[in-house]
Amino acid sequence: MQGLLAFLKGLGASRLMAMVAVTAVLIGFFAFVIIRVTTPQMTTLFTDLSVEDSSGIIKDLERQAIPYELRNDGAVIMVPKDKVTRLRMKLAEAGLPKGGGVGYEIFDKSDALGTTSFVQNINRLRALEGELARTIRAIDRIQDARVHLVLPERPLFSREAPQPSASIVLRVRGGLEPQQIRAIRHLVASAVNGLKPQRVSIVDEAGQLLADGSNTDADGATGDERRAAFEKRMRNHVEAIVSSVVGSGRARVELSADFDYNKITQTSDKFDPEGRVLRSSQTREESSVTAENNGQVTVNNELPGNQQSDTANPARDQSKKSEETNNYEISRTTKTEVTEVGRVNRISVAVLVDGTYTKDDKGQMVYAERGKEQLDRIATLVRSAIGFDQKRGDQVEVVNLKFAEPPSVVPLSEPAGWLGMMQLTKDDLMYVIELAVMMLLGLVVTFMVIRPLVQRILASEPPPPSPPSALPAPADATAQAGGSGQNLVPGNNATAQLIDVAQVQGQVHAQSVHRVGELAERNPAETASIIRQWLTEPA
């Protein structure tokens, strides 16, 4: 301990503070490296969380003593990678995240015995709005959604019931396509009894009206939107089938469709004279007998006795009449044709394909055009994909031209060798690289910064010269030193300091002479001129 204390006192205050500072920096650096290495790799548990969902998840994580990190003002929660799957299943069992708002779980409470009908209706409306908002948030590009429903009750003694309506506020990433807006309107209208899609209004977070029910088309889309959607769908089909032949990115497809937006209703009646059907038949027969009385009409002839006298040899006039009426129904066909809006009149397709590229002996890419037979096959595929109709006037053109940029995309191959055997992912590789960089940085700091500092601190400095002391050495020490025949050992501190000062001065003088000799060897001409100048100077 005395030696340690003497060593510390010999270092001085400045060296001691420098050693403490270096030790603290060294401990802090290695502590950071150890903590960073031992910290588990964090991954995303949930994103785009509301404040309520984030607080509920954090409370559950703290209860399970699981480390976590918050990012993006609590909207993103990071947890250890090896626990993310189990945590998601555990939180899903607990109903987290709820997605903001209140859903049908509001009816899971057991204290609804004394609830009034008004409160039940309000809870039902809240639950329906919350469930619709959760469903809408499941759509791509939608971050958050709020739904407001108006479900009016039918007044008493009223023949007509008021129609329900809905308003939706969306917070989106980028922009929504018209098909997505129509899908949201129909989704909400189908979930609410009696609600029509035209009664659903949609507004984004910037206050822009996305849907107001002003579309008059039956499908809720204008003619230009339907034509654009049809052209996009057909163009994607054609580009997909052509790219599978010529390669990805080596084909350009442009498609134009001519639509007829006139709605036509046509009714026609067709009669078939050969197709007769008996509808009704009526037969009528008449028979009459007239006795001859010479045209005399007397009272005697009308008496019963006189009439019998004439029966022996009567003279009568008989007549018969037969009539038959047949009614036939002629075959008749009534045809009503309704041509809806958006009929395709003509389709025109232009396909531009690149040629083939091969490497020559020098390793350079050489362009070659495609053959006519291959272009004809591609045109046949395009005709089949668009439903080509020559009577309609459809056109398909396939042209082979060299693109401005040669193909430079190299397909990524699957990891092989030891990477494939160890099943290392991209995150694992980045983690290993990060550890290697930190270890390399630690070694560099240790050998390039800390080691020179420690050596400099521990290096001995020459003690300050002390005034010479006239005190003679003790006689017994001198006698012991001379009697032993060894090197003289000073008997007190003053003599030792004088010897050390002399040794240091001699070393400094020897080093100066050595440096002067080196300078003279390197620069002989300058050295000779300096010596001549010294010789010419007066003494």
Side-chain angles (χ1 to χ4, degrees), residues 139-141 172 174-187 189 197-198 200 202 208-268 335-355 370 372-405:
I139 301 176
D140 190 18
R141 298 185 184 178
V172 299
L176 292 178
E177 298 181 356
Q179 295 85 351
Q180 293 177 317
I181 297 176
R182 291 197 300 272
I184 294 174
R185 298 180 68 184
H186 284 276
L187 174 67
Q198 291 77 11
V200 179
I202 302 177
Q208 297 180 357
L209 188 62
L210 303 179
D212 58 352
S214 61
N215 293 326
T216 58
D217 194 0
D219 294 334
T222 61
D224 293 338
E225 293 178 354
R226 298 184 66 181
R227 180 176 58 82
F230 176 81
E231 291 178 351
K232 181 179 180 181
R233 184 175 67 254
M234 298 300 295
R235 182 168 56 250
N236 292 337
H237 293 338
V238 174
E239 189 169 358
I241 193 172
V242 175
S243 298
S244 62
V245 177
V246 300
S248 178
R250 312 316 302 169
R252 299 292 183 269
V253 179
E254 289 296 332
L255 188 143
S256 176
D258 183 13
F259 272 70
D260 185 5
Y261 299 108
N262 297 324
K263 187 175 182 179
I264 301 174
T265 303
Q266 182 179 2
T267 303
S268 60
K335 184 178 181 181
T336 302
E337 294 182 354
V338 178
T339 304
E340 294 293 340
V341 179
R343 182 176 58 183
V344 180
N345 290 335
R346 186 170 59 88
I347 299 177
S348 300
V349 184
V351 181
L352 177 62
V353 296
D354 196 6
R370 298 184 183 272
K372 185 177 183 303
E373 182 180 358
Q374 187 177 10
L375 296 179
D376 293 340
R377 292 182 179 179
I378 294 175
T380 303
L381 292 175
V382 173
R383 293 189 184 96
S384 301
I386 66 173
F388 181 82
D389 188 359
Q390 188 175 3
K391 296 180 180 179
R392 194 170 54 186
D394 296 347
Q395 292 183 354
V396 174
E397 293 291 339
V398 179
V399 180
N400 177 210
L401 293 175
K402 183 179 179 181
F403 283 13
E405 298 178 357

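No hydrogens, no waters, no symmetry mates; every other heavy atom, side chains included, goes into these values. Numbers here simply count residues along the sequence, with the first being 1.
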Visitor: Report the distance from atom CG of Asn400 to atom CG of Leu352, rounding to the nearest 0.5 Å.
Guide: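 The distance works out to 8.0 Å.
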Visitor: If you look at every heavy atom in Val246 and Ala251, which pair is closest and at what distance?
Guide: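 Scanning both residues completely, I find the closest heavy atoms to be CG2-CB, 3.8 Å.
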Visitor: Please give me the minimum heavy-atom distance between Gly249 and Phe403, naming the atom from each residue.
Guide: O-CE2, 3.9 Å
Visitor: Working to the nearest 0.5 angstrom, can you tell me the gap between Arg235 CZ and Arg252 CZ?
Guide: 12.5 Å
Visitor: Under the salt bridge (charged side-chain N to carboxylate O under 4.0 Å, His left out) test, which residues partner Glu231, sequence neighbours left out?
Guide: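 Glu231 satisfies salt bridge (charged side-chain N to carboxylate O under 4.0 Å, His left out) with Arg227 only.
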Visitor: Let me confirm one number: the CD1-CD1 distance from Ile139 to Ile184, rounded to the nearest 0.5 Å.
Guide: 4.5 Å
Visitor: Among residues at least two apart in sequence or on other chains, which ones pass side chain to side chain contact (heavy atoms under 4.5 Å, CB included) with Thr267?
Guide: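 Checked Thr267 against side chain to side chain contact (heavy atoms under 4.5 Å, CB included); matches are Thr334, Thr336.
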Visitor: Return all side-chain donor-acceptor pairs below 3.5 angstrom for residues 236-243, not counting sequence neighbours, or 'none' if the list is empty.
Guide:
{"residue": "Asn236", "atom": "ND2", "partner": "Lys232", "partner atom": "O", "Å": "3.1"}
{"residue": "Ser243", "atom": "OG", "partner": "Glu239", "partner atom": "O", "Å": "2.7"}

Visitor: What pair of heavy atoms forms the shortest contact from Val253 to Val349, and how long is it?
Guide: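 For Val253 versus Val349, the nearest heavy atoms are CG1-CG1, 4.3 Å.
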Visitor: Sequence neighbours excluded, which residues qualify as side-chain hydrogen bond (donor to acceptor under 3.5 Å, both in side chains) partners of Lys335?
Guide: Glu337
Visitor: Name all pairs fulfilling the ring-ring contact (aromatic ring centres under 6.0 Å, His included) condition that reach into residues 375-398, sequence neighbours left out, sorted by first residue then second.
Guide: none
Visitor: Would you name the heavy atoms of Asp140 and Leu176 that are closest together and state the gap between them?
Guide: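 Reported closest heavy-atom pair: O-CD2, 4.4 Å.
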Visitor: Please identify each residue that fulfils side-chain hydrogen bond (donor to acceptor under 3.5 Å, both in side chains) with Arg346, with sequence neighbours left out.
Guide: Ser348
Visitor: Go through the steps to decide whether Asn345 and Phe259 satisfy the test side chain to side chain contact (heavy atoms under 4.5 Å, CB included), and finish with yes or no.
Guide: CA-CA 6 Å; Asn345 290 335; Phe259 272 70; over 6 Å; no
Visitor: Before giving the answer on side chain to side chain contact (heavy atoms under 4.5 Å, CB included), spell out for Leu375 and Val353 the whole-Å C-alpha distance, their side-chain angles and the decisive distance to 0.1 Å.
Guide: CA-CA 9 Å; Leu375 296 179; Val353 296; 3.9 Å; yes
Visitor: I need the Leu255 CG to Arg233 CZ distance, nearest 0.5 Å.
Guide: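 Reported value, rounded in 0.5 Å steps: 10.5 Å.
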Visitor: Has Arg185 got a side-chain atom pairing as donor or acceptor with Pro197's backbone, closer than 3.5 angstrom?
Guide: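 Checked: pair present.
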Visitor: Kindly write out the residues that satisfy side-chain hydrogen bond (donor to acceptor under 3.5 Å, both in side chains) with Arg377, not counting sequence neighbours, or none if the list is empty.
Guide: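 side-chain hydrogen bond (donor to acceptor under 3.5 Å, both in side chains) list for Arg377, sorted by chain: Glu373.
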Visitor: Under the rule for side chain to side chain contact (heavy atoms under 4.5 Å, CB included), what residues qualify as partners of Gln374, not counting sequence neighbours?
Guide: Val245, Arg370, Ile378
Visitor: Can you pull out every salt bridge (Lys or Arg N to Asp or Glu O under 4.0 Å) where at least one residue sits in residues 393-403? Sequence neighbours excluded, please.
Guide: Arg392-Asp394
Visitor: Looking at CD1 of Ile386 and CD of Gln395, how far apart are the two atoms once the value is rounded to the nearest 0.5 Å?
Guide: 10.0 Å
Visitor: Using the salt bridge (charged side-chain N to carboxylate O under 4.0 Å, His left out) criterion, which residues pair with Lys372? Sequence neighbours excluded.
Guide: Asp376
